[in-house]
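Values reported hereafter were calculated over all heavy atoms of this structure, with side chains retained and with hydrogens, waters and symmetry mates removed. Order of the sequence lines sets the chain letters (A, B, ...), proteins ahead of strands, with each chain counted from 1.
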Amino acid sequence: MQPLSEQELVRRKKLEEIKQLGIDPYPATSFPVNATAKDILENYDTNEQAYQQISLAGRLMNFRISGAASFAEIQDSTGRIQIYARRDDLCPGEDKTLYNTVFKKLLDIGDIIGVTGYVFKTKMGEITIHLNTFQLLSKSLKPFPVVRRDDEGNVYDEVTDLEFRYRQRYADLVINPTVKDVFRKRTQLMNVMRDYLNERGYLEVETPILQPIYGGAAARPFKTHHNTLDMTLYLRIANELYLKRLIVGGYDGVYEFSKDFRNEGMSRFHNPEFTQIELYVAYKDYQWMMNLVEEMIEQVALALHGTTEVPVGDQVINFKRPWKRFTMFEAIEHFTGIDISQMDEAALRETAKKLDVPFDKTMGKGKLIDEIFGEHCEPKLIQPTFITDYPVEMSPLALRHRDNPDLVERFEAICNGKEICNAFSELNDPIDQRQRFQEQLELGKRGDEEAMILDEDFLRALEYGMPPTAGLGIGIDRLTMIMTNASSIQDVLFFPQMKPENKPVLATQEDYINIGVAEDLIPVLQKLGFWTLEDFRKASANKLFNDVCGMRKKMKLKEVKNPTKEEVEKWLEAVEVEA
RNA sequence: UCGCCCAUAGCUCAGCGGUAGAGCUCCUCACUUUUAAUGAGGAAGUCGUAGGUUCGAAUCCUACUGGGCGAACCA
């Protein structure tokens with residue numbers, strides 16, 4: 001535990017005073033609420049009568065205390081509203097403690113209170129709650145950073161420290177109101193998709209996160225161990241192979257919002273755990289799926305923004321249907337002027353060289369094409385665009401193209417220079433699927449750490465027969481980033497993965513006392529740099545004795561008694577015993 | 001994993017070899033419609049951690065820790 005700051009000590013002292021007044025700072029109670037800040041601010045003007053007896057709870061922010069009447073602001077889940085507290089209303093009798101002491105002195109910014117009263121408008125025209133009563137519902141012991149705003153909406157002292165915001169998201173949500181909105185949008189986005197798919201009769205399902213064989217994507221997994229079964233399990237990197245098993249089982253359409261886990265690098269586009277939606281629909285193909293994606297994402301944009309146009313960075317992205325469509329070969333020709341559709345591996349290598357695309361020996365034909373596309377096309381695709389017909393080598397789970405066996409029936413939607421979805425006509429030929437897995441095994445032997453492993457049970461399922469099926473995966477985090485104009489994935493995850501804070505373990509008040517240090521000497525030792533028990537372990541008794549006496553004098557602590565040298569020696573012995 | 005940048009009071013930041021600073025927050029006092037409330041007074045710091053250079057380091061150097069941004073890998 002960190003030593004308490006001056007302000008935290010003040011709040012703990014206030015907590016004691018509150019208890020001494022017979023007030024429970026953490027009462028076990030429900031507080032009935034009949035209004036929200038947003039509701040009052042929006043509707044008071046048109047219906048004043050409805051707000052004469054309101055009851056509202058929230059967190060105190062921004063106090064403006066004056067003599068016998070004070071203003072403050074209370075923040076609930078919908079926003080902030082001003083409250084007005086008058087001494088003689090809160091305390092009609094002789095005893096003015098509740099206002100003079102409790103309200104004015106013992107409440108702090110961050111405290112959670114419940115209030116009752118009536119709504120009125122101040123001289124300045126601000127809609128305000130005139131309090132009849134207030135009740136402390138939870139005392140806040142840790143001060144929030146204070147962010148202030150003026151009438152024009154300018155923000156002062158905004159907390160911009162990303163480390164603070166990501167590690168203490170709970171505080172970030174309280175002090176930066178736009179953050180809450182991002183996460184509301186994220187949920188809304190998923191709900192729009194869920195409604196869209198449910199309306200069409202597709203079934204939302206759950207499949208295993210702990211998998212004995214990881215599959216369905218090319219990625220390195222997290223590995224764990226089940227004790228009772230004494231076996232290795234992997235956290236899923238995708239749920240594709242399980243959803244297809246369900247299509248074999250006879251469902252026409254299944255989907256799952258799936259937390260997936262990939263043990264790879266982190267960046268502003270990558271978190272070790274992330275969310276995808278995967279959807280599989282029987283008797284459909286990738287052309288059909290393209291239309292579904294267009295329509296569903298257009299609906300998401302409309303629901304979140306009221307228009308298909310979404311601002312992203314300094315661009316405006318328009319999700320209005322129909323989106324532009326390119327085959328991969330067309331896209332490469334469009335952006336580089338080179339037609340690679342007839343090239344063999346050697347010619348592709350030459351082209352990659354000419355186009356300054358980095359490549360190495362392990363890359364086959366498919367990988368080379370993918371690299372050229374990734375380097376020269378993908379970053380330039382800002383407006384939503386479908387890229388179709390990928391090389392077969394890159395897509396071991398996709399069905400071969402009906403017109404060209406070197407290609408697969410696959411598409412990705414690219415938006416703002418990044419992939420937002422990946423879909424194909426699913427490979428349902430068990431013989432071909434086995435062969436493709438074999439090719440992946442070969443790649444694995446060549447050193448590709450992300451090559452897929454062969455899943456016998458999945459092949460057995462395919463052997464029973466899977467109908468022609470269209471499959472889709474959409475990165476929810478990436479799509480949310482676009483829909484909320486976030487530049488980092490951490491801004492759309494409540495609790496993005498962080499390294500541990502790993503602060504040194506500071507000695508508590510009790511630690512000092514336990515080793516025999518008199519309480520009033522603790523500040524002296526801290527001034528000398530003795531913050532942890534480890535500091536004592538490294539110290540010599542003679543030097544510490546001299547330093548303590550010297551520092552006590554320097555700090556002019558006349559009432560504090562110097563320790564004897566024997567006492568100092570005992571401290572150091574006690575520390576050794578503790579260890 | 002590699003490269004560049006950042007770390008000073010609870011928050012936002014200044015200081016960049018010579019006594020640790022400002023605004024807000026906090027504390028005390030005044031104030032019955034204030035609103036970035038106001039007026040007066042006050043308190044608050046392991047200058048990320050550990051070494052080094054120096055008469056002297058928040059400031060210069062090195063390493064480490066944490067964060068950000070690029071690259072690599074990927075979605």
Euclidean distance, atom CD of residue A/E158 to atom P of B/C24 [Å, nearest integer]: 19 Å

N-O pairing of A/R149 and A/E73 below 4.0 Å: no

Residue list, side chain to side chain contact (heavy atoms under 4.5 Å, CB included) with A/E163, at least two apart or on another chain: A/D161, A/R167, A/M498

Rounded distance (Å) that lies between atom C1' of B/A37 and atom OH of A/Y156: 14 Å

Interface with RNA chain B, restricted to residues 60-74 of chain A and to heavy atoms under 4.0 Å: A/N62, A/R64, A/I65, A/S66, A/G67, A/A68, A/A69, A/F71

Side chain of A/Q490 (C-beta onward), nearest among B/G68, B/U33, B/C27: B/G68

Identity of whatever pairs with B/C73 - Watson-Crick or G-U, under 3.5 angstrom: none

Touch class at under 4.0 angstrom, heavy-atom based, for A/R11 against every strand present: nothing

Nucleotide B/G68, atom C1' - distance to CG of A/D491 in whole Å: 12 Å

Interatomic distance where CZ belongs to A/R12 and P belongs to B/C26 [whole Å]: 17 Å

Nearest-nucleotide comparison on RNA chain B, the residue closer to the 5′ end among A/K105 and A/Q497: A/K105

A/M394 CE to B/A75 C1', straight-line distance once rounded to whole Å: 13 Å

By ring-ring contact (aromatic ring centres under 6.0 Å, His included) - contacts of A/F373 (at least two apart): none

Touch class at under 4.0 angstrom, heavy-atom based, for A/D370 against every strand present: nothing

For A/Y214, ring-ring contact (aromatic ring centres under 6.0 Å, His included) partners two or more places apart: A/Y234

Selection residues 364-374 of chain A - residue pairs positive for side-chain hydrogen bond (donor to acceptor under 3.5 Å, both in side chains), sequence neighbours left out: none

Nearest-angstrom distance from the residue atom CG of A/D157 to P of B/C24: 10 Å

side-chain N/O A/K104 vs B/C31 OP1/OP2, d < 4.0 Å: no

Under 3.5 Å side-chain donor-acceptor pair for A/R148 and A/N62: no

Pair assignment for B/U34, Watson-Crick or G-U wobble, requiring both distances under 3.5 Å: none

Base partner of B/C60, which must satisfy Watson-Crick or wobble distances under 3.5 Å: B/G52

Interatomic distance at P, B/A58 relative to B/G21, whole Å: 13 Å

Point-to-point distance, once rounded to the nearest 0.5 Å, from CG of A/L368 to NZ of A/K353: 13.0 Å

RNA chain B contacts among residues 159-176 of chain A, heavy-atom distance under 4.0 Å: A/V159, A/T160, A/D161, A/L162, A/E163, A/Y166, A/R167

B/U65 and B/C24, which share atom name C1', separated by this distance in whole Å: 30 Å

Base-contact (B) and sugar-phosphate-only (S) positions in nucleotides 1-10 of chain B, heavy-atom cut-off under 4.0 Å, - elsewhere: ---------B

Backbone of A/G79 reached by a side-chain donor or acceptor of A/D76 within 3.5 Å: yes

Plane angle bin for A/H130 and A/Y118 - parallel if under 30°, tilted between 30 and 60°, otherwise perpendicular: parallel

P gap between B/U12 and B/C29, integer Å: 30 Å

Proximity to RNA chain B (any heavy atom under 4.0 Å), residues of residues 79-86 of chain A only: A/Q82, A/Y84, A/R86

Interatomic distance where CG belongs to A/D88 and P belongs to B/C31 [whole Å]: 13 Å

Charged N-O contact under 4.0 Å between A/R268 and A/D491: no

Rounded distance in Å between the C1' positions of B/A7 and B/U19: 24 Å

Residue A/E126, side-chain heavy atoms: nucleotide from B/U34, B/C27, B/U35 that is nearest: B/U35

Under 3.5 Å donor-acceptor pairs involving side-chain atoms of residues 479-486 of chain A, not counting sequence neighbours:
from, atom 1, to, atom 2, distance (Å)
A/T480, OG1, A/I476, O, 2.6
A/T484, OG1, A/T480, O, 2.8
A/N485, OD1, A/G313, N, 2.8

Nucleotide of B/A75, B/U35, B/C26 approaching A/F274 most closely (side-chain heavy atoms): B/A75

Nucleotide paired to B/U12 in any strand shown, Watson-Crick or G-U, under 3.5 Å: B/A22

Protein-nucleotide distance (A/F411, atom CZ; B/A75, atom P), rounded to Å: 16 Å

Side-chain N,O (A/R148) to OP1/OP2 (B/G23) below 4.0 Å: no

Phosphate-side-chain proximity, A/K13 and B/C27, N/O vs OP1/OP2 below 4.0 Å: no

Under 3.5 Å side-chain donor-acceptor pair for A/Q490 and A/R165: no

Proximity of A/F424 and A/Y390 rings by center, below 6.0 Å: no

B/A7 pairs with, by Watson-Crick or G-U criteria that keep both distances under 3.5 Å: B/U65

Pairwise C1' distance for B/U8 and B/A44, with rounding to whole Å: 14 Å

B/A20 to B/C4 separation - P atoms, rounded to the nearest Å: 33 Å

B/C61 and B/G66, which share atom name P, separated by this distance in whole Å: 22 Å

Those residues that, when tested against A/F134, pass ring-ring contact (aromatic ring centres under 6.0 Å, His included) (two or more places apart): A/F103

Residue list, ring-ring contact (aromatic ring centres under 6.0 Å, His included) with A/F359, at least two apart or on another chain: none

Sidechain N-carboxylate O distance under 4.0 Å for A/K19, A/E16: yes

Sugar-phosphate only, base, or nothing, as touched by A/K499 at under 4.0 Å among non-hydrogen atoms: sugar-phosphate

Gap in Å between the two C1' atoms, one belonging to B/G41 and one to B/G51, rounded: 44 Å

Base-pairing assignment for B/G17 (Watson-Crick or G-U wobble, both under 3.5 Å): none

Identity of whatever pairs with B/A40 - Watson-Crick or G-U, under 3.5 angstrom: B/U28

Sequence neighbours excluded, every pair satisfying salt bridge (charged side-chain N to carboxylate O under 4.0 Å, His left out) that has a member inside residues 372-388 of chain A: none

